[in-house]
**Student:** 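The following block contains the structure, expressed as structure tokens.
One-based numbering along the sequence shown. Basis for what follows: all heavy atoms, side chains included, without hydrogens, waters or symmetry-related copies. As the structure is a prediction and not an experimental result, all values here were calculated from the model.
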Amino acid sequence: MTHRKIVSIDGGSAEYWRQRKLGFLLIHEAEWSLSRLNRAPMYLHGGYDENGDVIPIENLRPYADMEDAIRAIEANETAVSILVAQRRTKIGDYEVKAVIRELEDRDRD
């Protein structure tokens with residue numbers, strides 16, 4: 001027996017629009033993080049060693065920011081529902097696993 005989650009939508013309520021705005025904001029932040037990731041330098045200058053050679057430091061912050069943005073989407077039911085409606089399972093190369101699971105569940109039914 002299939003159990004479907006029935007969602008009632010009150011398009012006139014302030015809470016509905018607050019949740020929608022937050023969902024789209026989280027998706028936009030992930031897209032912005034992807035843009036920063038694509039533009040960020042791979043290495044940062046970390047100083048010099050005893051021979052005067054540059055000590056490179058790998059720039060991991062943009063990757064961490066992107067992963068945080070994807071986790072924030074997955075934690076927000078409205079953001080996931082927006083991406084499910086768009087059948088959008090990735091932002092860049094980053095999969096949104098909650099969307100994939102939801103689409104797989106729908107395809108099974």
**Student:** Charged N to carboxylate O below 4.0 Å: is that the case for Glu74 and Arg71?
**Tutor:**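 Result for this pair is no, no salt bridge flagged.
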**Student:** With a cutoff of under 4.5 Å between side-chain heavy atoms, which Ile, Leu, Val, Met, Phe, Trp and Tyr residues group with Met42?
**Tutor:**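 When side chains under 4.5 Å apart are linked, the cluster holding Met42 also contains Tyr43.
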**Student:** Please list all pairs meeting side-chain hydrogen bond (donor to acceptor under 3.5 Å, both in side chains) that have one or both residues in residues 81-96, counting only residues at least two apart or in different chains.
**Tutor:**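 The answer is Glu31-Arg88.
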**Student:** Side-chain contact test, heavy atoms from C-beta onward, threshold under 4.5 Å: evaluate it for Ile82 versus Arg20 and give yes or no.
**Tutor:**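 Yes, their side chains come closer than 4.5 Å.
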**Student:** Would you say Tyr63 ends up clustered with Ile73 if hydrophobic residues are merged whenever their side chains have heavy atoms under 4.5 Å apart, either directly or through other cluster members?
**Tutor:**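 Cluster IDs for Ile73 and Tyr63 match.
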**Student:** Taking side chain as C-beta onward, heavy atoms only, is Asp65 less than 4.5 Å from Leu37?
**Tutor:**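 In short, these two side chains do not touch, never coming nearer than 4.5 Å.
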**Student:** Minimum heavy-atom separation for Asn59 and Pro41, please, with both atom names.
**Tutor:**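 So the minimum-distance heavy-atom pair works out to ND2-O, 3.0 Å.
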**Student:** Heavy-atom distance under 4.5 Å between the side chains of Ser33 and Met66, does that happen here?
**Tutor:**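 In short, these two side chains touch, coming nearer than 4.5 Å.
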**Student:** Which heavy-atom pair separates Val84 from Arg106 by the least distance, and what is that distance?
**Tutor:**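 Shortest heavy-atom separation between Val84 and Arg106 comes out as CG1-NH1, 3.3 Å.
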**Student:** Mind checking whether Ile91 and Ile70 have side chains closer than 4.5 Å, heavy atoms only?
**Tutor:**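 Yes, at least one pair of side-chain atoms sits under 4.5 Å.
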**Student:** What do the steps show when you test Leu22 against Thr78 for side chain to side chain contact (heavy atoms under 4.5 Å, CB included), and what is the final call?
**Tutor:** CA-CA 8 Å; Leu22 176 61; Thr78 304; over 6 Å; no
**Student:** For Asn51, does its backbone N or O pair with a side-chain atom of Asp49 as donor and acceptor, under 3.5 Å?
**Tutor:**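 Yes, Asp49 side chain to Asn51 backbone: donor-acceptor pair under 3.5 Å.
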**Student:** For side chain to side chain contact (heavy atoms under 4.5 Å, CB included), just list the numbers for Ile100 and Glu104, CA-CA rounded to whole Å, side-chain angles, deciding distance to a tenth of an Å, and then say yes or no.
**Tutor:** CA-CA 6 Å; Ile100 294 169; Glu104 287 173 350; 3.6 Å; yes
**Student:** What distance separates Leu60 CG from Leu44 CG, expressed to the nearest 0.5 Å?
**Tutor:**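 Between atom CG of Leu60 and atom CG of Leu44 there are 9.0 Å.
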**Student:** Between Val54 and Tyr48, is the side chain to side chain contact (heavy atoms under 4.5 Å, CB included) condition met? List the steps.
**Tutor:** CA-CA 5 Å; Val54 173; Tyr48 297 96; 3.6 Å; yes
**Student:** Let me confirm one number: the CG-CG distance from Asn76 to Leu26, rounded to the nearest 0.5 Å.
**Tutor:**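 If I round to the nearest 0.5 Å, the distance is 5.0 Å.
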